[in-house]
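Reading through the structure tokens given below for one structure.
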Amino acid sequence: MRIGIAGAGAFGTALAVTLAQAGQAVTLWARDAEAVEEMRRTRRVARLPEIELPEGIEPVSELSSLFACDTILMALPAQATRVFVTEHAGALAGKVLVACAKGIDLHSLTGQTAIISEAVPSATPALLTGPSFAADIARGLPTALTLACADDGCGAALQQALSTPTLRLYRSADVIGAELGGALKNVIAIACGACIGAGLGDSARAALMTRGFAEMQRLAASLGAAPETLMGLSGFGDLVLTCSSELSRNYRYGLALGRGEAFDSHMTVEGAATARAVTDLAAARGLDLPISAVTARMVAGDLTPLQALDALINRPLKEERE
Ligand SMILES: NC(=O)C1=CN([C@@H]2O[C@H](COP(=O)(O)OP(=O)(O)OC[C@H]3O[C@@H](n4cnc5c(N)ncnc54)[C@H](OP(=O)(O)O)[C@@H]3O)[C@@H](O)[C@H]2O)C=CC1
Ligand SMILES: O=C(CO)COP(=O)(O)O
């Protein structure tokens, strides 16, 4: 298996580092030729400045080098995946394409693997997701993730090839469930950040995480996910991590919303677009997802965190299981 990674941001680089340290040769592609030249020279990347790139990583800016790999990890932001796989569908034909981004595509309202399958029908799509900060993986801290693939043989081969001494992969055939868990938890993490930023307290955050998880389960079930997948690393596990750590960009973006502060617009905050996508999906499916709905409105600037709280806490009383 010859492994290429598309995207030398924080996550693509972290995956390259752990794989290279485990003895894999990795081709790490970035679109910016100057940045790649700098990476070759310094063996550092801007988004993980404290990490030195091991020898086994070859930074490249030529797409031909990436396309020479038979297995490609797609570590671009979720909203960039569709354009990339569509533009390069010919070169990607027949390859194993592992989606690493966590988000619902705004254009199609589908997850990352559906985008891949539509653009490149001959590719085998898979997904790598779950609770992990890029910096933790790159530093060799212990991490457990989900490798989801509908093709059992390919899933087992990827699980073997992408596991390292510090990165333990669990296998799943429920690709839809795994990708929805990873995408939807980002929306709830923004809500939790806003809650803490606005001074509403840890009890309110626990309520948001729990009722937010109920929303994740509701939407995932309606889209065909297995309920137990949401209980695993890719759902519950990643929700806990992202809603409780300031290492999360989604959470920090929420904190900034809650405090009424500006946030770096160049930062990848997947939950912002996915909140909109979730609102559209909920409307199309007649689902009630109030936390996601108010989060989308906060992101759009239509609602302050206190107005969002007001909208949530004054809803008609109901049974918890509903
Ligand atoms: N960081 C983390 O801890 C984790 C991230 N993820 C997921 O991984 C995905 C990527 O996140 P992350 O690596 O952190 O993001 P970063 O912002 O660190 O990096 C994104 C990378 O994608 C490149 N990129 C952006 N748009 C395009 C495009 N249109 N074509 C080609 N390259 C592009 C950027 O290049 P340029 O520098 O030129 O703009 C950059 O190298 C997200 O979906 C995230 O949720 C998953 C688990 C952990
Ligand atoms: O997905 C992540 C943790 O599993 C990274 O979270 P952020 O994108 O919010 O930084």
Side-chain angles (χ1 to χ4, degrees), residues 5 10-12 14-15 17-19 22 73-75 78 97-104 111-113 125-152 154-190 192 205-206 208-210 212-221 223-251 268 270-271 274 278:
I5 299 182
F11 197 44
L15 291 171
V17 168
T18 190
L19 290 170
L73 276 51
M74 300 288 310
L97 299 179
V98 185
C100 300
K102 295 174 177 171
I104 296 177
Q112 300 288 297
T113 56
L127 180 80
L128 184 60
T129 188
S132 66
F133 289 123
D136 291 350
I137 291 182
R139 288 168 59 208
L141 299 180
T143 312
L145 295 180
T146 301
L147 187 286
C149 187
D151 176 326
D152 284 342
C154 182
L158 284 171
Q159 179 185 29
Q160 196 66 43
L162 302 179
S163 290
T164 74
T166 52
L167 178 60
R168 178 176 170 80
L169 301 191
Y170 289 81
R171 200 167 65 247
S172 169
D174 182 11
V175 179
I176 298 275
E179 66 186 356
L180 283 170
L184 303 181
K185 62 86 188 174
N186 283 333
V187 179
I188 307 304
I190 294 176
C192 287
R205 170 171 47 188
L208 282 173
M209 285 175 68
T210 314
F213 188 50
E215 291 188 17
M216 289 168 60
Q217 291 173 303
R218 216 173 295 149
L219 180 55
L223 292 167
E228 61 269 23
T229 308
L230 272 286
M231 307 297 283
L233 291 165
S234 55
F236 178 74
D238 213 353
L239 178 74
V240 169
L241 180 72
T242 316
C243 293
S244 61
S245 170
E246 289 197 25
L247 288 182
S248 159
R249 296 160 297 189
N250 286 283
Y251 180 75
T268 300
E270 295 287 23
T274 293
V278 167

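- One finds the NZ atom of K185 at 10.0 Å from the CD1 atom of I190 (value rounded to the nearest 0.5 Å).
- In terms of modelled atom types and a separation under 3.5 Å, the side chain of E270 and the main chain of A78 share a donor-acceptor contact.
- Listed here is the closest heavy atom pair of D238 and G182: OD2-CA, 4.4 Å.
- Listed by chain and number, the residues in a side-chain contact (heavy atoms from CB on, under 4.5 Å) with A226 are D174, E228, T229 (sequence neighbours excluded).
- Atom CZ in R171 sits 7.0 Å away from atom CG in D152 (nearest 0.5 Å).
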Please table the atom pairs, donor to acceptor, closer than 3.5 Å between any side-chain atom in residues 129-151 and protein atoms at least two apart or in another chain.
unit_1	atom_1	unit_2	atom_2	d
T143	OG1	L141	O	3.0
D151	OD1	G153	N	3.0
D151	OD1	C154	N	3.0

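- Shortest non-hydrogen contact noted between S244 and V240 is OG-O, 2.5 Å.
- One N or O on the side chain of Q112 and one on the backbone of G103 form a donor-acceptor pair closer than 3.5 Å.
- A side chain to side chain contact (heavy atoms under 4.5 Å, CB included) with M216 is found for exactly one of V187, I188, L180, namely I188.
- The side-chain contact (heavy atoms from CB on, under 4.5 Å) check on A189 picks up T242, C243, N250, with sequence neighbours excluded.
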Applying side-chain contact (heavy atoms from CB on, under 4.5 Å), run through V278 and E215 and close with a yes or a no. CA-CA 10 Å; V278 167; E215 291 188 17; 6.0 Å; no

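- Under a 3.5 Å cut-off, the side chain of S245 and the backbone N or O of L241 do not form any donor-acceptor pair.
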Give the C-alpha distance, both sets of side-chain angles, the deciding distance and a yes or no for side-chain contact (heavy atoms from CB on, under 4.5 Å) between F236 and Q217. CA-CA 10 Å; F236 178 74; Q217 291 173 303; over 6 Å; no

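- A distance of 7.5 Å separates CG in L167 from CG in L19, rounded to the nearest 0.5 Å.
- From L223, atom CG reaches atom CZ of R218 across 13.0 Å, with rounding to the nearest 0.5 Å.
- At a threshold of 4.5 Å between non-hydrogen side-chain atoms, the residues L169 and L128 count as touching.
- Atom NZ of K102 and atom OG1 of T268 lie 12.5 Å apart (nearest 0.5 Å).
- C192 and M209 get closest at one heavy-atom pair: SG-CG, 3.6 Å.
- The shortest side-chain heavy-atom distance between N186 and T274 does not fall under the 4.5 Å cut-off.
- Of the inter-residue distances, the one linking L127 atom CG with L73 atom CG reads 10.5 Å to the nearest 0.5 angstrom.
- Looking at V175 and P125, their side chains never come closer than 4.5 Å, going by heavy atoms from C-beta outward.
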